[in-house]
J.: 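Here you go, one structure.
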Amino acid sequence: MTLATGTQQAALPALPALPHWETVPDDLAAAIREIKPALRARIESSGRTVEEVFAVVEESVRARLAEIQADKERGESVWPVIDYADIANGTVTPEQLDKLRRRGCLIVRGHFERDQALAWDASIVDYVERNEFFENYRGPGDDFFGSVGSKPEIYPIYWSQAQMEARQSDRMANVQSFLNSLWKHESEGVQWFDPNRDALYPDRIRRRPPGADSNGLGTHLDPGTLDLWLTQAYQQAFRHLFDGSVEEYDPWDAAHRTAGPQYPGSTMCSAFRTFQGWTALSDMDHDQGVLHTVPIPEAMAYLMLRPLLADVADDDMCGVTTNQVFPANEKWHPLLMEALTGIPDVKAGDSVWWHCDMIHSVAPITDQKGWGNVMYIPAAPWCPRNEEYSAKVREAFLTGSSPSDFPEEHYERTWTDRFDVDRLNETGRRGLDLDD
């Protein structure tokens with residue numbers, strides 16, 4: 001079994017060939033007009049129409065939606081909640097695992113001790129104040145998070161002691177390995193990723209103060225944009241959606257997702273993440289502008305097939321384009337929007353996780369009660385895509401720069417008490433590919 005080093009050709013039956021574009025097409029509309037009939041023809045070669053295949057997906061989504069609504073009516077948490085101690089001790093029950101796979105999202109209670117999380121929060125404040133961040137803050141560095149009304153709310157800070165200690169901690173590694181193991185990571189003679197080694201993916205922090213007003217973030221997802229339909233690797237990753245065998249589609253199958261190209265963009269993530277995640281640095285109630293998801297991993301099949309239906313223009317993918325996040329909305333996906341569900345109350349030290357393909361949003365809030373502070377840390381297992389990005393992360397770490405997935409703000413280059421290489425433990429060094 002070898003780690004994937006490039007796009008592996010799946011052993012598919014004779015099917016109509018698909019055009020593909022490994023870099024962004026010069027004419028996006030023309031590429032869309034070419035790929036849509038090719039995808040329809042490939043699906044129809046199975047003996048079923050696109051409408052019939054989409055109906056299978058829609059029925060599956062409706063069944064999941066009924067489960068979610070039943071949980072709400074019973075007063076049960078839609079989000080699975082698992083204690084960190086059970087993950088660390090290997091005592092997560094089969095029932096909990098089943099719910100996690102069906103919902104694709106998770107709260108880890110007590111991931112870190114509450115006092116530890118609160119201390120990290122205080123240390124971040126000390127770090128930014130000591131280095132006069134607020135006096136030098138230049139405003140939002142991107143259009144996406146700028147929409148929240150940042151003053152700032154999203155801090156473009158990556159290399160604090162708190163963030164790095166959490167990223168390289170044994171507790172984080174345990175949860176990441178647990179989540180990675182939910183995926184099918186070996187098939188076709190290829191190990192698509194190593195579930196027990198994570199790339200250190202640096203992201204920002206959020207600190208929303210009491211009394212804050214925030215516009216939130218609209219429903220969207222982050223795995224890519226038009227490359228999901230237009231590149232060969234993703235065409236293979238979603239092969240069961242495009243060859244009529246939709247019942248075999250598995251949202252937990254990593255095949256062909258970890259080595260292929262990805263279209264660049266201002267809101268892209270260069271890494272492959274099994275789960276996106278954040279760790280709470282304050283207590284947060286469920287009605288205080290919190291994360292919502294559509295907790296149906298199979299919804300990606302709905303999103304990918306929806307543009308192929310007849311009511312969508314020939315040059316439109318339901319609004320998906322480059323240099324913007326993948327939108328999900330009432331216009332094209334009203335059934336999915338019915339499932340949108342917020343997290344339960346969380347405490348400082350809890351962590352929150354959601355499948356990388358999952359639709360998510362952040363609810364708006366007026367006059368927030370209490371702080372809303374998090375640091376973003378995903379599960380990003382070692383694979384060719386993440387190994388390639390690690391070289392850029394390593395350079396950013398050593399120079400205190402903003403990582404290349406994020407705006408070029410570089411506040412920390414000259415800051416004192418930035419986390420340095422001498423403080424890396426074995427997990428941190430492996431995550432940055434600094435093994436001797």
J.: Would you find a donor on one side and an acceptor on the other, under 3.5 Å apart, between the side chain of Glu408 and the backbone of Pro403?
T.: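 Absent.
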J.: Within the side chain of Arg204, is there an N or O that forms a donor-acceptor pair under 3.5 Å with the backbone of Ile154?
T.: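 Not at all, since once roles are kept as given, no pair shorter than 3.5 Å links the two residues.
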J.: Can you tell me how the ring of Tyr234 sits relative to the ring of Phe238, calling it parallel under 30°, perpendicular over 60° and tilted otherwise?
T.: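 The rings of Tyr234 and Phe238 lie parallel, inter-plane angle below 30°.
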J.: Would you check, one step at a time, whether the test side chain to side chain contact (heavy atoms under 4.5 Å, CB included) holds for Gln276 with Met358?
T.: CA-CA 9 Å; Gln276 296 172 244; Met358 193 157 281; over 6 Å; no
J.: Checking Asp27 side chain against Ala30 main chain: does a donor-acceptor pair fall under 3.5 Å?
T.: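 At least one qualifying donor-acceptor pair exists.
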J.: Would you call the rings of Trp120 and Phe112 parallel, tilted or perpendicular, taking 30° and 60° as the class edges?
T.: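 Perpendicular: the ring planes of Trp120 and Phe112 meet at over 60°.
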J.: For Glu76, does the CD atom sit with more than 12 other heavy atoms under 6.0 Å from it, leaving out its own atoms?
T.: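 Yes - once you tally the heavy atoms of other residues, nucleotides and ligands closer than 6.0 Å, there are more than 12.
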J.: Go through the steps to decide whether Gln163 and Ser160 satisfy the test side chain to side chain donor-acceptor pair (under 3.5 Å), and finish with yes or no.
T.: CA-CA 5 Å; Gln163 289 163 290; Ser160 69; 2.7 Å; yes
J.: Specify whether Trp183 and Phe193 have parallel, tilted or perpendicular ring planes, treating 30° as the upper limit for parallel and 60° as the lower limit for perpendicular.
T.: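 Because their plane-to-plane angle is over 60°, the rings of Trp183 and Phe193 count as perpendicular.
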J.: What residues, two or more places apart in sequence or in another chain, satisfy salt bridge (Lys or Arg N to Asp or Glu O under 4.0 Å) together with Arg385?
T.: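 Per chain and number, Arg385 pairs via salt bridge (Lys or Arg N to Asp or Glu O under 4.0 Å) with no residue.
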J.: Do Arg138's NZ or CZ and the ring of Tyr411 fall within the cation-pi criteria of under 6.0 Å and 45°?
T.: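 Yes.
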J.: Hey, are Asp253 and Arg239 close enough for a salt bridge, meaning a charged N less than 4.0 Å from a carboxylate O?
T.: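 A salt bridge links Asp253 with Arg239.
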J.: Which heavy-atom pair separates Ala363 from His292 by the least distance, and what is that distance?
T.: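 Residues Ala363 and His292, closest heavy atoms: CB-CE1, 3.7 Å.
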J.: Mark yes when over 12 heavy atoms from residues, nucleotides or ligands other than Glu113 sit less than 6.0 Å from its CD; otherwise mark no.
T.: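 Not more than 12 within 6.0 Å, no.
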J.: What's the spacing between Arg197 CZ and Cys383 SG if we round to 0.5 Å?
T.: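 Atom-to-atom, Arg197:CZ and Cys383:SG are 10.5 Å apart.
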J.: Would you tabulate the side-chain donor-acceptor contacts of residues 297-304 under 3.5 Å, counting partners in other chains and residues two or more places apart, or write 'none'?
T.:
unit_1 : atom_1 : unit_2 : atom_2 : d
Glu298 : OE2    : Arg64  : NE     : 3.2
Glu298 : OE2    : Arg64  : NH2    : 3.1

J.: At their closest point, which heavy atom of Val374 faces which heavy atom of Tyr376, and how far apart are they?
T.: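 The pair with the smallest heavy-atom distance is CG2-CZ, 3.7 Å.
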J.: Enter the distance from Leu336:CG to Leu221:CG here, rounded to the nearest 0.5 Å.
T.: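 Result: 10.0 Å between the selected atoms.
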J.: What distance separates Ile205 CD1 from Ile377 CD1, expressed to the nearest 0.5 Å?
T.: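 Between Ile205 CD1 and Ile377 CD1, I get 11.0 Å after rounding to 0.5 Å.
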J.: Supply the atom-to-atom distance Arg429 CZ to Leu200 CG, rounded to the nearest 0.5 angstrom.
T.: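 Reported value, rounded in 0.5 Å steps: 12.5 Å.
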J.: Please check this pair: side chain of Arg103 against backbone of Trp79, looking for a donor-acceptor N/O pair closer than 3.5 Å.
T.: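 Between the backbone of Trp79 and the side chain of Arg103 there is no qualifying donor-acceptor contact (under 3.5 Å).
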J.: Apply the side chain to side chain donor-acceptor pair (under 3.5 Å) test between Thr341 and each candidate in Lys72, Gln69, His286; give the one that qualifies.
T.: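 Of Lys72, Gln69, His286, side chain to side chain donor-acceptor pair (under 3.5 Å) with Thr341 is met by Lys72 alone.
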J.: Quick check on Glu388: does its CD atom have over 12 non-hydrogen neighbours (other residues, nucleotides or ligands) under 6.0 Å away?
T.: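 At most 12 heavy atoms, drawn from other residues, nucleotides or ligands, come within 6.0 Å of this atom.
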J.: Between side-chain atoms of residues 318-332 and protein atoms elsewhere (two or more places apart, or another chain), which donor-acceptor pairs fall under 3.5 Å?
T.:
unit_1 : atom_1 : unit_2 : atom_2 : d
Asn323 : OD1    : Ser266 : N      : 3.4
Asn329 : OD1    : Lys331 : N      : 3.3
Asn329 : OD1    : Trp332 : N      : 3.0

J.: Do Thr231 and Leu226 touch side chain to side chain, with heavy atoms closer than 4.5 Å?
T.: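 Sidechains of Leu226 and Thr231: no contact.
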J.: Between Gln96 and Thr91, is there a side-chain heavy-atom distance shorter than 4.5 Å?
T.: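 Answer no - side chains too far apart.
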J.: Any idea which heavy atoms bring Ser77 and Asp71 closest together, and the distance?
T.: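 Shortest heavy-atom separation between Ser77 and Asp71 comes out as O-OD2, 4.0 Å.
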J.: Do you know which of Pro223, Pro381, Pro384 makes side-chain contact (heavy atoms from CB on, under 4.5 Å) with Phe272?
T.: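 The option that passes is Pro381.
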J.: Look up atom NZ in Lys36 and atom CG in Asp314, then write down how far apart they are to the nearest 0.5 Å.
T.: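 Lys36 NZ to Asp314 CG: 6.0 Å, rounded to 0.5 Å.
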J.: Verify, without hydrogens or angle tests, whether Arg40 (side chain) and Leu308 (backbone) share a donor-acceptor contact under 3.5 angstrom.
T.: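 Pair found, side chain donor or acceptor close to backbone of Leu308.
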J.: For Ala379 versus Trp353, what's the shortest heavy-atom pair and its separation?
T.: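 Taking Ala379 first and Trp353 second, the nearest heavy atoms are N-CZ3, 3.6 Å.
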J.: Keeping the roles fixed (side chain from Asp250, backbone from Trp252), state whether a donor-acceptor pair exists under 3.5 Å.
T.: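 Yes, Asp250 side chain to Trp252 backbone: donor-acceptor pair under 3.5 Å.
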J.: Is there side-chain contact between Ile365 and Asp213, with heavy atoms separated by less than 4.5 Å?
T.: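 Not touching, per the 4.5 Å side-chain cut-off.
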J.: Which of these, Asp350, Asp86, Asp83, sits in a side chain to side chain donor-acceptor pair (under 3.5 Å) with Arg109?
T.: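 Exactly one candidate clears the test, Asp350.
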J.: Hey, is CG on Asp170 packed in by over 12 heavy atoms from elsewhere, all under 6.0 Å?
T.: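 Count not over threshold, so no.
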J.: Determine, stepwise, if the pair Asp198 / Asn180 fulfils side chain to side chain donor-acceptor pair (under 3.5 Å).
T.: CA-CA 9 Å; Asp198 257 62; Asn180 292 339; 2.8 Å; yes
J.: Which pair of heavy atoms, one from Thr219 and one from Ile359, lies closest together, and at what distance?
T.: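 Of all heavy-atom pairs spanning Thr219 and Ile359, the closest is CB-CG2, 4.0 Å.
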J.: Apply salt bridge (Lys or Arg N to Asp or Glu O under 4.0 Å) to the pair Asp357 and Arg257, showing each step before the final yes or no.
T.: CA-CA 12 Å; Asp357 289 350; Arg257 297 181 60 137; 2.7 Å; yes
J.: Distance-only, no hydrogens or angles: does the Gln262 side chain make a donor-acceptor pair with backbone N or O of Cys269 under 3.5 Å?
T.: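 Yes, the answer is positive, given that a donor and an acceptor are paired below the 3.5 Å cut-off.
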J.: Kindly determine whether Phe406 and Tyr158 satisfy ring pair (Phe, Tyr, Trp, His ring centres under 6.0 Å), including the steps that lead there.
T.: CA-CA 10 Å; Phe406 299 91; Tyr158 306 89; 5.3 Å; yes
J.: Okay, side chain of Asp315, backbone of Ala29: is any donor-acceptor separation there less than 3.5 Å?
T.: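 No.
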J.: Is Glu412 reaching over with its side chain to a backbone N or O of Trp159, donor-acceptor style, under 3.5 angstrom?
T.: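 Yes, Glu412 side chain to Trp159 backbone: donor-acceptor pair under 3.5 Å.
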J.: Just checking, Arg207 and Trp371: is the charged tip under 6.0 Å from the six-membered ring centre and within 45° of the axis?
T.: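 The answer is yes; both the distance and angle limits are met.
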J.: For this output row, return yes or no: ring centroids of His185 and Trp192 closer than 6.0 angstrom.
T.: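 No - the distance between ring centres of His185 and Trp192 does not fall below the 6.0 Å cut-off.
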J.: Quick check: does any side chain N or O of Gln288 sit under 3.5 Å from a backbone N or O of Lys369, one acting as donor and the other as acceptor?
T.: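 Side chain of Gln288 to backbone of Lys369, a donor-acceptor pair under 3.5 Å: yes, one is there.
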J.: Could you state the interatomic distance from CD1 (Ile82) to OH (Tyr84), rounded to the nearest 0.5 Å?
T.: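 Reported value, rounded in 0.5 Å steps: 13.5 Å.
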